[in-house]
Amino acid sequence: MDSQKNTCIDTLCHLESDYNNGAHVAVLNHLLATNGERSKSYGDDRFSEHARQLIRKACEAPEAQIWFLAGGTQTNATIIDCVLQPFEGVLCPETAHINVHEAGAVEFTGHKVIPLPSHEGKLDVQDLRAWLVAYFADETAEHMVRPGMVYITFPTELGTLYTADDLVALHDVCREYGLLLYVDGARLAYGLAASQDVTLPRLAQLADIFYIGGTKCGALCGEAVVFPRGNAPSHMLSRIKRHGALLAKSRVVGAQFEALFLSEGDVTLYGTIGRHAVSLALRLRHLFVECLGYQPFIDSPTNQQFYIIPNEDLDLLRRHIGFEIWCPVDEHRTACRFVTSWATTEQEIEDLHESCSKSGSIRVGQRM
């Protein structure tokens with residue numbers, strides 16, 4: 001989430017976010033190549049159907065039901081409202097996107113967001129279990145918002161990752177208490193690229209619902225919502241349309257996901273995009289820690305990198321890098337976010353690295 005915009009225009013390297021560019025050229029070329037073809041509307045087009053087939057194959061989930069929506073906040077608010085009962089709420093870590101950066105979109109649909117402690121962006125299964133034990137032991141529980149879902153993001157808002165064991169533990173507690181496990185995958189490409197043990201098929205086994213992010217992962221717009229076991233509520237198209245979220249030109253998103261999941265062997269563009277961004281993020285980490293001596297704010301293995309910057313360096317840094325102010329650390333230092341993406345180039349990072357390595361400090365910035 002963009003916490004605070006800087007006003008730098010002619011920066012050497014734009015690392016403000018992973019949605020500050022257009023789309024991957026392969027996605028644009030596919031849109032152009034198919035632009036002249038007539039198609040059906042509302043998801044019945046051949047592009048959307050082929051994209052669904054490709055996603056089912058990538059997830060190893062042949063029964064999966066898939067819908068294409070426009071953006072992350074719309075997807076979260078729509079899907080959560082579609083699957084929960086009117087009296088149910090959603091449990092999440094307190095740093096979750098739905099709790100902090102969606103302007104109350106989920107609550108606007110009538111469902112309470114119930115925040116639990118955040119551990120570097122993650123929800124701890126012990127905290128979840130303790131809350132559920134206390135809730136169901138309360139004799140007045142029927143007068144309270146009933147939990148119906150657990151919401152997490154992969155990767156988290158702080159770029160951290162759940163392990164496969166973490167997801168299994170959350171899945172098991174959700175099964176025990178009859179809750180749905182919903183995974184927000186706005187940056188899923190980058191999370192999968194950085195994970196040691198979570199794959200798309202594994203995620204499809206453990207989550208009841210998840211979405212594959214396109215907007216932040218090489219598409220112009222669009223998210224693919226996956227019900228991996230064909231477990232969507234009835235009349236899902238009508239439910240989505242009631243929220244104003246049904247795309248008449250679903251082909252626009254479907255064709256983009258078709259391009260993202262077309263594969264040569266086991267290699268998809270979606271996977272390549274993720275690996276590219278994570279690789280450059282790790283090179284950025286070397287620059288910031290080893291060359292500039294900045295301290296990490298949190299240990300993120302993904303494309304979102306957070307560093308503690310002395311306040312006197314902020315304006316100097318802005319001359320050369322676009323980034324986000326995240327939060328104050330103390331009166332002298334600020335945590336800032338730097339985000340690589342499919343659009344970040346190796347040359348940008350190399351030039352930045354070379355210039356800073358020569359100077360040993362961002363303060364000698366005239367050579368950058």
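The shortest distance between side-chain heavy atoms of Thr268 and Leu260 does not fall below 4.5 Å. Counting only heavy atoms from C-beta outward, the side chains of Arg283 and Leu287 never approach each other to under 4.5 Å. A 4.5 Å side-chain heavy-atom check between Glu120 and Thr156 finds every atom pair outside the cut-off. Looking at Trp342 and Cys217, their side chains never come closer than 4.5 Å, going by heavy atoms from C-beta outward. Looking at Ser195 and Phe154, their side chains come closer than 4.5 Å, going by heavy atoms from C-beta outward. Annotation: side chain of Val106 is not in contact with side chain of Tyr151 (no heavy-atom distance under 4.5 Å). Considering only heavy atoms from C-beta on, Leu91 stays 4.5 Å or farther from Met149 through its side chain. For the pair Thr75/Thr78, no side-chain contact is recorded, criterion being any heavy-atom separation below 4.5 Å from C-beta on.
For the residue pair His119/Asp127, the side-chain donor-acceptor check at 3.5 Å is satisfied. For the residue pair Asp184 / Asn76, a side-chain donor-acceptor distance below 3.5 Å is found, with atom types taken as modelled. Residues Glu258 and His30 bring a donor and an acceptor atom of their side chains to less than 3.5 Å of each other. A donor-acceptor contact closer than 3.5 angstrom links the side chains of Gln205 and Arg202. For the residue pair Arg337 / Gln305, no side-chain donor-acceptor distance below 3.5 Å is found, with atom types taken as modelled. One side chain, Asp81 or His243, offers a donor N or O that lies under 3.5 Å from an acceptor on the other. Side-chain contact, Thr163 with Asp197: no donor N or O sits under 3.5 Å from an acceptor N or O.
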Q: Might you work through the salt bridge (charged side-chain N to carboxylate O under 4.0 Å, His left out) test for Arg129 and Glu176, ending with a clear yes or no?
A: CA-CA 10 Å; Arg129 180 180 290 280; Glu176 181 179 348; 2.9 Å; yes
Q. Given Val225 and Phe68, is the side chain to side chain contact (heavy atoms under 4.5 Å, CB included) satisfied, shown in steps?
A. CA-CA 6 Å; Val225 180; Phe68 297 110; over 6 Å; no
Q: Check step by step if ring pair (Phe, Tyr, Trp, His ring centres under 6.0 Å) holds for Phe288 and Phe338.
A: CA-CA 10 Å; Phe288 273 59; Phe338 304 80; 4.6 Å; yes
(Q) Please determine whether side chain to side chain contact (heavy atoms under 4.5 Å, CB included) holds for the pair Leu262 and Tyr270, giving the CA-CA distance in whole Å, both sets of side-chain angles, and the decisive distance to 0.1 Å. (A) CA-CA 9 Å; Leu262 283 169; Tyr270 199 74; over 6 Å; no
Q: Report the C-alpha distance between Phe297 and Tyr307 in whole Å, list the side-chain angles of each, state the deciding distance to 0.1 Å, and finish with yes or no for ring pair (Phe, Tyr, Trp, His ring centres under 6.0 Å).
A: CA-CA 5 Å; Phe297 176 64; Tyr307 297 99; 10.0 Å; no
Q: Applying ring pair (Phe, Tyr, Trp, His ring centres under 6.0 Å), run through Tyr182 and Phe210 and close with a yes or a no.
A: CA-CA 6 Å; Tyr182 173 48; Phe210 65 95; 9.2 Å; no
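Under the rule for a ring-ring contact (aromatic ring centres under 6.0 Å, His included), the partners of Tyr135 that lie at least two apart in sequence or sit in another chain are Trp131. Residues meeting the ring-ring contact (aromatic ring centres under 6.0 Å, His included) test with Tyr42, sequence neighbours left out: none. Under the ring-ring contact (aromatic ring centres under 6.0 Å, His included) criterion, His286 pairs with His353, sequence neighbours left out.
A continuous path of Ile, Leu, Val, Met, Phe, Trp and Tyr side chains, each step under 4.5 Å between heavy atoms, connects Ile80 with Ile209, placing both in one hydrophobic cluster. Under the 4.5 Å side-chain heavy-atom criterion for ILVMFWY residues, a single connected hydrophobic cluster contains both Ile273 and Phe257. Under a hydrophobic clustering in which Ile, Leu, Val, Met, Phe, Trp and Tyr are joined whenever their side-chain heavy atoms come within less than 4.5 Å, directly or via other members, Val278 and Val198 fall into the same cluster. By the criterion of side-chain heavy atoms lying less than 4.5 angstrom apart, applied directly or through intervening Ile, Leu, Val, Met, Phe, Trp or Tyr residues, Ile114 is not grouped with Leu180; the two fall into different hydrophobic clusters. Linking ILVMFWY side-chain heavy atoms closer than 4.5 Å, directly or via other members, places Leu206 and Leu128 in a single hydrophobic cluster.
Counting only distance, with no hydrogens or angles, the side chain of Thr344 and the backbone of Ser341 share a donor-acceptor pair below 3.5 Å. Between the Asn231 side chain and the Arg229 main chain, a donor and an acceptor come within less than 3.5 Å of each other. Checking side-chain atoms of Arg275 against main-chain N and O of Ala193 turns up no donor-acceptor pair under 3.5 Å. Ser300 contributes a side-chain N or O that, together with a main-chain N or O of Gly159, makes up a donor-acceptor pair within less than 3.5 Å. Looking at Asn311, its side chain does come within 3.5 Å of a backbone N or O of Glu331 through a donor-acceptor pair. When atom types are taken as modelled, the side chain of Glu88 and the backbone of Val145 share no donor-acceptor pair closer than 3.5 angstrom. The closest donor-acceptor contact from the side chain of Arg56 to the backbone of Ala61 lies at 3.5 Å or more, if one exists at all. Using modelled atom types, no side-chain atom of Glu60 and backbone atom of Pro201 make a donor-acceptor pair closer than 3.5 Å.
Note on Asp299 versus Arg285: salt bridge recorded, some NZ/NE/NH1/NH2 to OD/OE distance being below 4.0 Å. Taking 4.0 Å as the cut-off between side-chain N and carboxylate O, Arg46 and Glu37 count as a salt-bridged pair. Between Lys249 and Asp45, none of the side-chain N atoms (NZ, or NE/NH1/NH2) sits under 4.0 Å from a carboxylate O, so this pair counts as no salt bridge. Here Asp313 does not pair with Arg333 in a salt bridge; the nearest charged N to carboxylate O distance is not below 4.0 Å. Contact check on Glu49 versus Arg52 returns a salt bridge, with a Lys/Arg side-chain nitrogen under 4.0 Å from an Asp/Glu carboxylate oxygen. Using a 4.0 Å cut-off between charged side-chain N and carboxylate O, Arg318 and Glu324 make no salt bridge.
Heavy atoms only, all atoms of each residue included: Leu158 and Gly121 are closest at CD1-N, 3.8 Å. Between Cys336 and Ile325, the shortest heavy-atom contact is SG-CD1, 3.8 Å.
Taking CD of Glu157 as the start and CD of Gln304 as the end, the distance is 7.5 Å to the nearest 0.5 Å. Thr140 contributes atom OG1, which lies 3.5 Å from atom CG of Asp138 (distance to the nearest 0.5 angstrom). Distance OG1/Thr109 to CD1/Ile79: 11.5 Å, rounded to 0.5 Å.
Taking a 6.0 Å sphere around CZ of Phe87, one finds it holds more than 12 heavy atoms contributed by other residues, nucleotides or ligands. Crowding of Asp266 atom CG: a count of heavy atoms from other residues, nucleotides or ligands under 6.0 Å not exceeding 12. Other residues, nucleotides and ligands place more than 12 heavy atoms under 6.0 Å from the CZ atom of Arg175.
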